[in-house]
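Only heavy atoms go into these numbers, but all of them, side chains included; no hydrogens, no water, no symmetry mates. Sequential numbering from 1 along the given sequence is applied to the chain's residues. Quick caveat, the model's predicted, so the values are computed rather than measured.
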Amino acid sequence: MKKPLTVEQIYTAYDKADVLIGVSLTVAPVSITCLLGSNGSGKTTLIRSILGLTPPRQGRIAFEGWTINGRPTHQIVSRGIACIPEGRKVFAAMSVEKNLRVGAYLENSTIMVKRRLAEV
């Protein structure tokens, strides 16, 4: 059984500007989660903290029981955490299939990539 993504009492700041103060949440395995909030409420900073792009100053972030604080972003992504950027044109000049193939760059099995493409 997969374990959830847990964010426990994280504090994240840019220089001296505190953005996240004591934020905690749990995301159930195999789920889709949406963050809603007004501009400047910390949504992007939370995503950046989870992905290791803006590491929290304090607190713990774990995915499937594995602490991801301080890990490089590529290791976090390889475990299965992803962020879909705002807007629909990730690589506008490429077809939908090519965009999906770019997203599968960490998968070494061509058979698995073909299965996933068929499923999508």
Side-chain angles (χ1 to χ4, degrees):
M1 182 174 182
K2 292 188 175 203
K3 295 181 181 179
L5 168 68
T6 56
V7 175
E8 301 170 349
Q9 291 293 308
I10 65 165
Y11 291 75
T12 304
Y14 296 100
D15 295 322
K16 294 182 180 181
D18 293 329
V19 178
L20 302 179
I21 302 169
V23 173
S24 297
L25 62 90
T26 301
V27 178
V30 193
S31 68
I32 296 172
T33 301
C34 178
L35 293 173
L36 297 174
S38 60
N39 290 345
S41 64
K43 301 177 303 288
T44 299
T45 302
L46 177 59
I47 297 298
R48 291 181 60 82
S49 294
I50 292 168
L51 291 171
L53 298 168
T54 305
R57 292 183 176 175
Q58 140 182 11
R60 179 176 184 262
I61 303 171
F63 181 60
E64 296 183 345
W66 184 65
T67 300
I68 60 178
N69 294 61
R71 304 277 183 174
T73 301
H74 71 275
Q75 285 182 4
I76 295 167
V77 171
S78 72
R79 290 285 183 128
I81 295 178
C83 175
I84 301 167
E86 185 177 357
R88 297 179 185 196
K89 297 181 179 178
V90 178
F91 297 108
M94 293 173 22
S95 68
V96 171
E97 181 179 351
K98 286 183 180 177
N99 270 273
L100 291 170
R101 288 185 181 280
V102 166
Y105 75 97
L106 289 174
E107 180 57 63
N108 294 323
S109 168
T110 56
I111 293 170
M112 185 58 73
V113 170
K114 286 180 183 179
R115 280 187 196 157
R116 290 177 180 165
L117 284 173
E119 183 179 328
V120 171

Taking all atoms of both residues into account, what is the closest heavy-atom pair of [X] and [Y], and its distance?
{"X": "I68", "Y": "I50", "answer": "CD1-O, 3.4 Å"}
{"X": "I76", "Y": "W66", "answer": "CA-CZ3, 4.4 Å"}
{"X": "I10", "Y": "P56", "answer": "CB-CB, 4.0 Å"}
{"X": "T12", "Y": "P55", "answer": "CG2-O, 4.1 Å"}

Would a 4.5 Å heavy-atom cut-off, applied to side chains only, mark [X] and [Y] as touching?
{"X": "R71", "Y": "F63", "result": "no"}
{"X": "E107", "Y": "R116", "result": "yes"}
{"X": "V120", "Y": "E97", "result": "no"}

Handout entry: Separation between CG of L106 and CZ of R79, rounded to the nearest 0.5 Å
Key = 12.5 Å

Practice task
Starting at CG of N69, measure out to CZ of R57 and round the result to the nearest 0.5 Å.
Solution key: 14.5 Å

Handout entry: Main-chain N/O of A62 paired with T67 side-chain donor or acceptor, under 3.5 Å
Key = no

Handout entry: N/O donor-acceptor pair under 3.5 Å between S38 side chain and S41 backbone
Key =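 No; judged by distance alone, with no hydrogens or angles, the pair does not exist.
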
Donor-acceptor pairs under 3.5 angstrom involving side-chain atoms of residues 17-30: please list them, not counting sequence neighbours.
residue : atom : partner : partner atom : Å
S24     : OG   : Q9      : N            : 2.8
S24     : OG   : Q9      : NE2          : 3.3

Exercise for the section: Hey, could you give me each pair passing salt bridge (Lys or Arg N to Asp or Glu O under 4.0 Å) that has a residue in residues 4-16? Not counting sequence neighbours. Expected result: E8-R60

Handout entry: Neighbour count >12 (heavy atoms, 6.0 Å) for atom NZ, K43
Key =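 Yes, the 6.0 Å shell around NZ holds more than 12 heavy atoms from other groups.
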
Problem - R115 atom CZ, over 12 foreign heavy atoms within 6.0 Å - result: no

Handout entry: Cluster link Y105 to L100, ILVMFWY, side chain under 4.5 Å
Key =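 No, Y105 and L100 fall in different hydrophobic clusters.
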
